[in-house]
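To start, the structure itself, in structure tokens.
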Amino acid sequence: MLFYSFFKTLIGQQVTVELKNDLAITGILVSVDQFLNIKLDDIHVVEEQKYPHMMAVKNCFIRGSVVRYVKLPASAVDTALLQDAARREAQQPTVPAPR
Amino acid sequence: MSDSYFGFDTTMPPLNSDQLTAGTAEITEDELSKNFEAFALESGQDFGVYGYDPLADQLVETGDDYNEETFGNDITNIGDDFDFTQSNAKIADTIQKEEKIYVDRRENVPSDNNELIRQRPLFSNLWDDQAGIAVNGNGSYPNDPTTSPLMPESPISPSIWGSYHPPSTRKGLASNNRQEFIQFSAMNLTNLHHPSYENPPNYPPSQISPLPPGFGPPPVARVPTLEEIEKQLQRQAGQSSTIENHQLQRQAGPPPQSQLPPPMHNSPLPEKRMLSLAEVEAALLGMNSRPPPLPIYGQTEGVYREQETAFLEQEAAIREQETLYYERERKLREKQRKLTDMAKYNGLMTQNDKDYINRIQISQLVTDDPYSDDFYYQVYTAIRNRQTQSQMGPFSPNASGGGAGQERRHRNRGSESGMLKMQQQVLRIVNDARRKPKSTQLSLEGALGKIALNSVRNPRQLLQVSAKHTDTLQTHASPSGGTHHKVPSITLHGIVDHRKVLRSIENIYSAVLGLEELRRNQHPQSRQYSDQEREDKWLQEKYTELARKMWEELHVTDPIGISFQHPFISILSVSKGKKVIPRVLRHCNQDQIGAMIRILVANFETLDVCKAAIGGSNGNIKQSILDEVELFMNTVVPPLLQFVAEAPLKIVIGLLTLFIERNNIIWVAKSKVGLAFLTMFLSRAEILKQGGGAMQGLPPPEDREIMQWQESYNRLFSQLQNYFLSSFPPFTSNIDDMYVWQFLAAMAVGASMEQQHVLVTEIRERVLETVVQASRMPHDKAAHKITNVNLFLHALGLDASQLKI
């Protein structure tokens, strides 16, 4: 839930999503769901020469499982708060790991 | 009777009596067979058993003796044995009759085919005369009758297929049909054609014909026709003539398309034509609501009626409008096509299905406590909203609710009642989920493995760090390393284990987070419990418990000197330990803060921001240390400064004395943090001496206290004497030395005349150098330097401008 919660705060920011097939797409984050599926708007591909077929695409939906990296604007991340959120998540009564 | 090559059904049911009586022939089938039988008796022929003619048995195969008798020098005596044609001639009459019955039956079929039937070669011809076949073919029949296009003809007029006619061998008929069709369609087109496009009186029908090359762009002719059809449809919806028009459109469409070069402005793709047809169909069915025709049409129509001559001038403008219209039309069609393409998936899911999936998704996301599951988002948006609020003023629309408000607005899009229902369902789901704790795995009986039940809140773990593993490592290492490998407790061994410190810090954080959560829940608006007091008491107990735990983890009260580094100082040596301090202090009382600052002052030398931040002769300090110093100044100092700024003189004296006694002042004074603390104490004491304590309701300091303070100050001054310059960072470094000037100013204010003199003599060089340096700098930087120097000079009643360089 932390990542979902985190990405929700990035809605409206420009992010670069690098996929597992090396395609990197920059666009405005429109929405994200609990599977970290991502919707981008106003997209453009980082290496346009390499992927000319993507030039006509204006927005896209990315399945969460194919994402390798998401590059975020540093100004939109509250690291201290993120640490706290991580602590809270660690604190939560979790079921013991299956042995 | 094989008549299959005419395309008729050879397996016809037997003729019934009605048809037979209606026909010209009186004979029935029974009669026919009777005739056969009679004939067979007459001629001695059995039609069915040629192969078994007993006469053949009498032949002697090997001998030629009877050849003469057999092959006939005397043929008259042969008899009837081999005269098959004779018997054929006898039944021919019957066959002819039967055929007449058949033809009469065909009379009921549409008249189109009558001619064909009449042209069909009669059975009798087949029997009577072999040459008749060729004659009846009219010379244009193909020699092989089975490939003739004659028979498989649809009952509908062939003209409907327009250009789809295959290059038929029946050229005469086909071209005849086409000619008719062309004239027909041209007539209709002229009728339907909008007067504004062509001049109707001069509109020759041949223009519509596909053949002449001078024909205008077909869509020009076609689309207005469509338009007209629509109008007509609107006028006389439901009348049968619409279908006629529809068919006309079908006819009019294809021929020009297939035989003309593409016009400039609108490529007449076949696909597009199909679209238009589909549209007309859709219009016929009333499925789609087309936009009303452009007003220009009605307008021009009126113009045409009134003054036919003027309309030629408007033609160009109209054409422009037209192309625009086509473009719009095309897009509309495209959209329509996509919609209809998708429409086949309509209604795949029932509303129940959709609700079910919505419920699943929402139950994953909605929690009773958004702060526990959606902590980052909630707090982040709350912080952001507060920031924007402070920028936009208190009346911003987001003022209430913060993140929750945003959530609410998001959901308002649905219908209200549906949303209410959904909310109730979600509430139920959440309650259900709370009642039965979620298990992460499920082992079915007989199954070999376990089925993991992963969810958003409990994702599949890729790393499983088991506590057991570290335990075994620990026990494994202990025999060789003895007790050294065991995590040393801080108080027992005197060595602070870094891991232990980090653990302590994390515990502090946990406690702080718990305290903060309790604080947030302290003022719930809508909590209407009957036992609110008990609730409050319980909260209070929990709060004090957590606060106690936090205080213990801080190790402030641990006795000094037992461990090499005081545990509290160790905590402050870690950056996240520094960061937690302001949050910790919010939950501390004044005594606790006082104890904390005393511990800090007493162990000031051992602080990393003090000991590591003192540069050597070249003054090089690592960037990481500078960052730590900056962090310390921003996190730890401000709350302590606030504490000191409200403290009475007694406490300030105590702190300064402790500071001087416990630390090497000359060394500490080289660090930024040390100077900051000294400045803090000095300025507070000076304010109190001048009666500033009245603001906090403190009584003016007693004379004894002022005496004590003066004593402490003198000690400090005497220790620092001759070392004031060493407090400055090296001239070459880019560090802003403002904090030094601030400290010197604080010293100068409290100094006696002699002390001031000493101070000025020591600092004079630095002052002059700085001013000289400033004169060579760009204006803004120079101004900053001069301001720094003035901090000190103003305390002495001087100004940098008075200096002569």
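Because only heavy atoms are used, hydrogens play no part in the values below, and waters and symmetry mates are left out as well, while side chains stay in. All chains are named by letter (A, B, ...) in the order of the sequence lines, taking the proteins before the strands, and each is independently numbered beginning at 1.
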Q. Once you round to the nearest 0.5 Å, how far does OG1 of A/T9 lie from CG of B/D374?
A. 9.5 Å
Tell me which donor-acceptor pairs under 3.5 Å the side chains of residues 575-586 of chain B have, and how far apart each pair is, sequence neighbours excluded?
| from | atom 1 | to | atom 2 | distance (Å) |
| --- | --- | --- | --- | --- |
| B/K576 | NZ | B/E506 | OE2 | 2.7 |
| B/K578 | NZ | B/L572 | O | 3.1 |
| B/K578 | NZ | B/D608 | OD2 | 3.3 |
| B/K578 | NZ | B/E628 | OE1 | 2.4 |
| B/R583 | NE | B/E516 | OE2 | 3.0 |
| B/R583 | NH1 | A/D84 | OD1 | 3.2 |
| B/R583 | NH1 | A/D84 | OD2 | 2.7 |
| B/R583 | NH2 | A/D84 | OD2 | 2.5 |
| B/R583 | NH2 | B/E516 | OE1 | 2.9 |
| B/R583 | NH2 | B/E516 | OE2 | 3.4 |

Q: Taking all non-hydrogen atoms of both residues into account, name the closest pair between A/S5 and B/F375 and its distance.
A: OG-N, 4.1 Å
Q. Got more than 12 heavy atoms from elsewhere within 6.0 Å of CZ, A/F3?
A. no
Q) Pairs in or reaching into residues 10-26 of chain A: which pass salt bridge (charged side-chain N to carboxylate O under 4.0 Å, His left out), with residues at least two apart or in two chains? A) A/E18-A/R68, A/D22-A/R68
Q | Closest heavy-atom pair and its distance - A/D78, B/Y376 | A | N-OH, 3.2 Å
Q: Quick one: pull up CG in A/L81 and OH in B/Y377 and give me the separation to the nearest 0.5 Å.
A: 13.0 Å
Q: Count the heavy atoms belonging to other residues, nucleotides or ligands that lie under 6.0 Å from OH of B/Y345, then report whether that count exceeds 12.
A: no
